[in-house]
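Since the structure comes first, as structure tokens, the remarks are kept for the end.
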Amino acid sequence: MSRATRKLDHIQHALSTGQDLTHGFEDIMFVHNSLPEVNLEHINLSSQIGELTLSSPIFINAMTGGGGEKTRLINEQLAEVAAQTGIGMAVGSQMAALREEKQCQSFQVVRKTNPKGVIFANLGSEATVEQAKQAVDMLEANALQIHVNVIQELVMPEGDRDFTHMVSRIEKIVDRIEVPVIVKEVGFGMSKETVETLASVGVFAVDVGGFGGTNFSKVENERRQRRLDFFDNWGITTTSSLLEALYANANIHVFASGGLQNALDLAKSIALGASAGGFAGNFLRILIDKGQEALIDEVLQLEEDFRYILTALQALNLQDLRQKPLVICGDTYHWATQRGFD
Ligand code: FNR
């Protein structure tokens, strides 16, 4: 099966398996304030993440890898949404375009459509330094996402089986490319130890890609004869992953993703230490089912809702939001307690 066909399969199975919604956000509660003395008009949604400036804490996370006309079209539409709303956007894996030059236009269209936007390139951890440079150049990207997706590869019938030297390859890329490197999971979450290892080799940010949204074990199991169902419930939820990153002994920025559906999930993510939140499956579903304009409306509504939430919490900006007290219950509480996060 060609890489492009496999990636289209991913889109279809990701849409049909849906979002698990076991991300843990229901375990996180804000403490209501009856006297929030702020004016909604004064709220600032921008996020400064080292050298990256995002005008909004929402970004479109990596989705369309592969190549071909369908990838080009989805990338163009997502880029148009990003351009019109001013949000950041990651592309899906560019490996196919590095292997076959004619696929490059499926990605170059993203920069062409959104010349001034914040765009993240994307490759897997098998990438070499040269490939990383090419992926960044292809998009004039502002940062590079390197995805780590061991469980997906294991369940994928034709997936990788050799995961040695991942960290040293990532370290080489960090040392040799000009833009910040973000290491991201794809829905299985990240532990404190993983975050600390990545920080120790100079990674700029992690995207925790937590469990509870798009489930790539289920997506890949749909493509197998003998299913590896035990991986369908494998992973660290998004809220527990955010706590893992928060309690890591590491100087590193954090992005939240994995099942984010609404502005409250995003606000909870920021309060748990994230600088921004990535939406993948939920946005793709809206784009495919309802079209580009519907996705633009969704982004604008998310921003409006986020402003209402910040007003209720008396937070003028993301830094204020991070200081707000939270109550943690349920499985996320038990996870945090047993992991010694108090
Ligand atoms: C993805 N994701 C992904 N991630 C990545 O780093 N490179 C990629 O090429 C892809 N491809 C891809 C295709 C499709 C169809 C989906 C839905 C997702 C993973 C994505 O960026 C994200 O980490 C997970 O989907 C979890 O977020 P959501 O979907 O729960 O918001």
Side-chain angles (χ1 to χ4, degrees), residues 3-25 58-67 70-71 74-75 78 88-98 103 106-107 110 120-127 135 141 143-153 156 159 181-190 205-220 222-223 235-239 241-242 255-262 265-266 269 274 276-289 295 298 302:
R3 186 175 285 260
T5 317
R6 190 178 81 217
K7 297 288 176 178
L8 294 180
D9 258 20
H10 281 162
I11 294 179
Q12 201 195 337
H13 291 312
L15 293 175
S16 63
T17 50
Q19 300 258 303
D20 277 353
L21 301 185
T22 49
H23 38 46
F25 285 113
I58 299 166
F59 70 97
I60 300 170
N61 219 344
M63 278 181 287
T64 38
K70 194 156 182 194
T71 297
I74 294 177
N75 272 339
L78 291 173
M89 169 179 171
V91 298
S93 176
Q94 293 163 261
M95 197 49 98
L98 296 182
Q103 307 293 358
S106 301
F107 294 91
V110 171
F120 301 157
N122 185 290
L123 285 175
S125 61
E126 73 280 15
L144 170 69
Q145 287 185 332
I146 298 180
H147 62 261
V148 287
N149 63 338
V150 171
I151 301 297
Q152 181 186 5
E153 293 291 341
M156 198 188 295
V181 172
I182 302 161
V183 176
K184 78 180 280 279
E185 250 292 352
V186 301
F188 299 94
M190 269 189 203
V206 288
D207 175 338
V208 298
F211 181 83
T214 302
N215 184 327
F216 269 100
S217 175
K218 288 188 181 167
V219 169
E220 298 298 347
E222 288 298 311
R223 305 173 55 245
I236 307 175
T237 64
T238 302
T239 53
S241 295
L242 287 167
F255 292 97
S257 76
L260 268 64
Q261 304 288 316
N262 53 46
D265 295 346
L266 178 65
S269 299
F279 292 71
N282 187 31
F283 278 7
L284 185 64
R285 192 163 299 104
I286 294 170
L287 182 73
I288 305 254
D289 291 351
L295 185 53
E298 171 74 13
L302 279 173

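First listed ligand is number 1; within each ligand, the first listed atom is number 1. Side chains included, hydrogens not; waters and symmetry mates left out as well; all remaining heavy atoms used.
Scanning all protein heavy atoms for the shortest distance to atom 9 (O) of ligand 1 gives Ser93 N, 2.9 Å. Protein heavy atom in closest approach to atom 31 (O) of ligand 1: Ala280 N, 3.1 Å. The protein non-hydrogen atom at the shortest distance from atom 30 (O) of ligand 1 is Gly259 N, 2.7 Å. In terms of protein heavy-atom proximity, atom 7 (N) of ligand 1 is closest to Asn122 OD1, 3.3 Å. For atom 12 (C) of ligand 1, the closest heavy atom belonging to the protein is Met63 O, 3.1 Å.
Contacts with ligand 1 closer than 4.0 Å are made by side-chain heavy atoms of Ala14 only, the backbone lying farther away. Residue-level proximity to ligand 1 for Asp207 is absent, since no heavy atom of it falls below 4.0 angstrom. Residue contacts with ligand 1 for Thr214 involve both N, CA, C or O and side-chain atoms from C-beta outward (heavy atoms, distance under 4.0 Å). Contacts between Lys184 and ligand 1, counted as non-hydrogen atom pairs separated by less than 4.0 Å, involve the side chain only.
For ligand 1 and Ile11, the ligand atoms under 4.0 Å from any heavy atom of the residue are 15 (C). Residue-ligand proximity, Leu284 to ligand 1, at heavy-atom distances under 4.0 Å covers atoms 15 (C). Atoms of ligand 1 found under 4.0 Å from any heavy atom of Gly213 (numbered from 1 in listed order, with element): 30 (O).
Residue Glu185 places a heavy atom less than 4.0 Å from ligand 1. In this structure, Val186 is part of the shell of residues with a heavy atom less than 4.0 angstrom from ligand 1. The closest approach between a heavy atom of Phe283 and any atom of ligand 1 is not below 4.0 Å.
One side chain, Asn75 or Thr64, offers a donor N or O that lies under 3.5 Å from an acceptor on the other. Inspection of the Thr214 and Gln19 side chains reveals an N or O donor paired with an N or O acceptor under 3.5 Å.
Nearest heavy-atom pair, Gly189 versus Ser241, reported as atom, atom and distance to 0.1 Å: CA-OG, 3.2 Å. Of all heavy-atom pairs between Ala62 and Gln145, the closest is CB-OE1, 3.5 Å. Minimum interatomic distance between Gly278 and Ser257 (heavy atoms only, all atoms of both residues): O-CB, 3.5 Å.
No side-chain donor-acceptor contact under 3.5 Å links Asn149 to the backbone of Gln152. A donor-acceptor pair under 3.5 Å is absent between the side-chain atoms of Thr237 and the main chain of Gly210, judged by distance alone.
Any N or O atom pair closer than 3.5 Å counts here, and Gly281 shares at least one such pair with ligand 1.
Counting only heavy atoms from C-beta outward, the side chains of Ile151 and Glu220 never approach each other to under 4.5 Å. A 4.5 Å side-chain heavy-atom check between Glu185 and Phe211 finds every atom pair outside the cut-off. Residues Leu284 and Leu15 are in side-chain contact: their nearest non-hydrogen atoms beyond the backbone lie under 4.5 Å apart. Looking only at side-chain heavy atoms (C-beta outward), Asp20 and Lys218 come within less than 4.5 Å of each other.
When Ala62, Ala90, Gly210, Gly258 are checked for heavy-atom proximity to atom 27 (O) of ligand 1, Gly258 turns out nearest.
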